[in-house]
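This one's a predicted model, so the numbers in the text were calculated from it and none came from an experiment. Each chain gets a letter, A, B and so on, in the order the sequences are listed, and its residues count up from 1.
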There are 2 protein chains.
Amino acid sequence: MKRTKSRNIIKNILLNSSKSITALEIFEIAKKDGVTLSTIYRTLLTFEEENLIKKDVSPFTSKASYSWKEEEHGHILECIKCHKQIILDYCPFEEVNKEVEEKTGFTLEDENHVLYGLCSTCKEKNEKQK
Amino acid sequence: MKRTKSRNIIKNILLNSSKSITALEIFEIAKKDGVTLSTIYRTLLTFEEENLIKKDVSPFTSKASYSWKEEEHGHILECIKCHKQIILDYCPFEEVNKEVEEKTGFTLEDENHVLYGLCSTCKEKNEKQK
DNA sequence: TCTTAATTGCGAATTATTCGCATTTATCTC
DNA sequence: GAGATAAATGCGAATAATTCGCAATTAAGA
């Protein structure tokens with residue numbers, strides 16, 4: 001993989017982002033340096049093939065977002081109401097995945113990096129409404 | 001919610017499908033009865049709002065697929081190589097989700113119904129290649 | 001049966017993503 | 001460091017999934 005200016009810029013944006021971001025969000029930041037949207041999509045594909053980033057697609061918005069893979073395999077929790085994201089610095093599924101594999105022969109891989117739910121604030125609001 | 005011919009047709013297609021299917025796949029079956037693609041999309045949206053179906057989006061193909069919600073909350077395992085789907089008739093995540101909630105205050109909801117991985121056949125093939 | 005709001009069909013619009021092709025650039029060899 | 005070559009990029013057009021607007025139809029209830 002060639003090291004190019006565009007790739008560096010995109011990599012840094014991903015590294016500096018505290019959340020999983022879309023191609024368009026990357027473009028908003030990178031366009032001032034002349035990086036094209038097609039380059040961004042192509043670069044993200046390359047990074048994905050090189051296993052450097054994780055692509056997630058929200059079932060709520062159908063939008064793809066990307067995050068740099070950290071050393072330790074963790075997750076991002078995203079609130080489906082306020083879209084706040086918080087980091088979970090470990091993977092809670094390792095045990096369970098093993099269990100499923102034993103039962104079904106099916107190896108769960110590459111579970112979604114972004115997990116959806118309600119943050120405590122939005123959950124409280126939700127319950128008050130009822 | 002009005003009961004209409006289209007909705008019945010779409011509901012039955014979902015009920016009879018052994019896998020999570022896309023709007024287009026539904027259309028292929030339903031078009032002989034004159035059901036439009038826009039009706040299918042709108043109906044799926046309605047069903048989703050009524051909490052009757054689950055929408056999933058594959059991070060591999062970015063395609064949305066839909067499945068009727070069963071009484072007991074289970075999952076579908078889809079192989080990322082051969083796209084075979086098998087049914088997991090329970091949810092392996094209940095314990096883990098509770099654990100995450102205790103640690104973070106974040107309530108995991110609506111985890112993906114479709115889980116991705118490798119079926120045993122494709123996994124063996126994969127390992128032979130190495 | 002009549003009324004009304006919800007649903008549908010149709011085609012056009014939108015949006016994210018991919019593609020083709022000419023041009024540029026990083027890397028490798030000498 | 002100069003030249004050769006494949007890889008990467010920019011640009012705009014093409015594609016594909018999904019949504020929308022609006023007029024016509026239909027289910028449900030009075």
Side-chain angles (χ1 to χ4, degrees), chain A residues 1-14 17 19-67 78 80 83 112-114, chain B residues 1-14 17 19-67 78 80 83 112-114:
Chain A
M1 185 170 58
K2 269 193 199 173
R3 59 174 33 235
T4 70
K5 208 198 290 184
S6 303
R7 288 186 177 165
N8 269 333
I9 292 170
I10 296 168
K11 176 178 177 181
N12 280 327
I13 292 172
L14 285 163
S17 170
K19 57 189 215 69
S20 185
I21 53 178
T22 65
L24 233 64
E25 287 170 326
I26 295 173
F27 179 60
E28 285 307 312
I29 303 173
K31 70 180 174 192
K32 68 174 191 308
D33 299 314
V35 184
T36 311
L37 198 48
S38 11
T39 298
I40 291 172
Y41 276 111
R42 279 187 285 223
T43 303
L44 289 170
L45 209 60
T46 308
F47 283 176
E48 213 190 339
E49 283 163 2
E50 297 286 327
N51 211 29
L52 296 171
I53 60 172
K54 178 76 179 78
K55 174 183 179 182
D56 284 274
V57 188
S58 163
F60 302 100
T61 64
S62 289
K63 284 187 183 158
S65 66
Y66 304 82
S67 49
E78 177 172 332
I80 61 179
H83 297 286
N112 279 350
H113 187 216
V114 179
Chain B
M1 184 168 58
K2 269 193 197 173
R3 58 174 34 235
T4 70
K5 207 199 289 183
S6 303
R7 288 185 177 165
N8 270 331
I9 291 170
I10 295 168
K11 175 179 177 181
N12 281 326
I13 292 172
L14 285 163
S17 169
K19 57 190 214 72
S20 186
I21 53 178
T22 65
L24 232 64
E25 286 170 329
I26 295 174
F27 180 60
E28 284 308 311
I29 303 173
K31 70 181 175 193
K32 67 174 193 305
D33 300 314
V35 184
T36 309
L37 198 48
S38 12
T39 298
I40 291 172
Y41 277 111
R42 278 187 287 224
T43 303
L44 290 171
L45 209 59
T46 308
F47 283 176
E48 212 191 341
E49 283 162 1
E50 298 285 326
N51 211 28
L52 297 170
I53 61 173
K54 179 76 178 79
K55 174 184 181 183
D56 284 273
V57 187
S58 163
F60 302 100
T61 64
S62 287
K63 284 188 182 157
S65 66
Y66 304 82
S67 49
E78 178 172 331
I80 61 180
H83 296 287
N112 279 351
H113 187 216
V114 179

Indicate for each nucleotide in nucleotides 24-30 of chain D, in 5' to 3' sequence, whether protein heavy atoms under 4.0 Å reach the base (B), only the sugar-phosphate (S), or nothing (-). --BBS--
For residues 1-10 of chain B, run the donor-acceptor check on the side chains, cut-off 3.5 Å, and write out each pair with its distance to 0.1 Å, sequence neighbours left out.
| residue | atom | partner | partner atom | Å |
| --- | --- | --- | --- | --- |
| T4(B) | OG1 | R7(B) | N | 3.2 |
| R7(B) | NH1 | K2(B) | O | 3.1 |

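- In this structure S58(A) satisfies the side-chain contact (heavy atoms from CB on, under 4.5 Å) test together with F60(A), T61(A), Y116(A), sequence neighbours excluded.
- Rounded to whole Å, atom P of dA16(D) lies 16 Å from atom CD of E25(B).
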In 5'-to-3' order, the base (B), backbone-only (S) or no-contact (-) status of each nucleotide in nucleotides 16-23 of chain C, using a 4.0 angstrom heavy-atom cut-off, is SBBBB---
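- Using a 4.5 Å heavy-atom threshold, the side chains of L14(B) and L44(B) count as touching.
- Note: CD (E50(A)) to P (dA7(D)) measures 13 Å, nearest angstrom.
- Residues meeting the ring-ring contact (aromatic ring centres under 6.0 Å, His included) test with F27(B), sequence neighbours left out: none.
- Taking atom CZ on F47(A) and atom P on dA7(D), their separation rounds to 17 Å, with Å as the unit.
- The terminal axes of the helix from dT1(C)-dA30(D) to dC30(C)-dG1(D), fitted over 5 pairs per end, subtend an angle of 40° to the nearest 10°.
- The salt bridge (charged side-chain N to carboxylate O under 4.0 Å, His left out) contacts involving residues 30-40 of chain B comprise E28(B)-K31(B), where partners must be two or more places apart or lie in separate chains.
- Going from atom CD1 of I26(B) over to atom C1' of dT18(D) covers 14 Å, rounded to whole Å.
- Rounded to an integer number of Å, the gap from I40(B) CD1 to dG11(C) P is 16 Å.
- Two residues are said to be in side-chain contact when any heavy atoms from C-beta on lie closer than 4.5 Å; V57(A) and N112(A) fail this criterion.
- Counting to the nearest Å, the P atom of dA16(D) and the CD atom of E28(B) are 14 Å from each other.
- At the heavy-atom level, S6(B) lies under 4.0 Å from the strands shown only through sugar-phosphate atoms.
- The distance between atom CG of D33(A) and atom C1' of dG10(D), rounded to the nearest whole Å, is 15 Å.
- In this structure E25(B) satisfies the side-chain hydrogen bond (donor to acceptor under 3.5 Å, both in side chains) test together with T22(B), sequence neighbours excluded.
- For S67(A), the side-chain hydrogen bond (donor to acceptor under 3.5 Å, both in side chains) partners at least two apart in sequence or on another chain are H113(A).
- Among residues at least two apart or in separate chains, there is no side chain to side chain donor-acceptor pair (under 3.5 Å) pair with a member in residues 36-50 of chain A.
- Phosphate proximity of dT9(D) to T39(A): absent, as no side-chain N or O sits under 4.0 Å from OP1 or OP2.
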Working note: K54(A) + S20(A), criterion side chain to side chain donor-acceptor pair (under 3.5 Å); need CA distance, chi angles, decisive distance, verdict. CA-CA 9 Å; K54(A) 178 76 179 78; S20(A) 185; over 6 Å; no
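- Two residues are said to be in side-chain contact when any heavy atoms from C-beta on lie closer than 4.5 Å; K55(B) and S62(A) meet this criterion.
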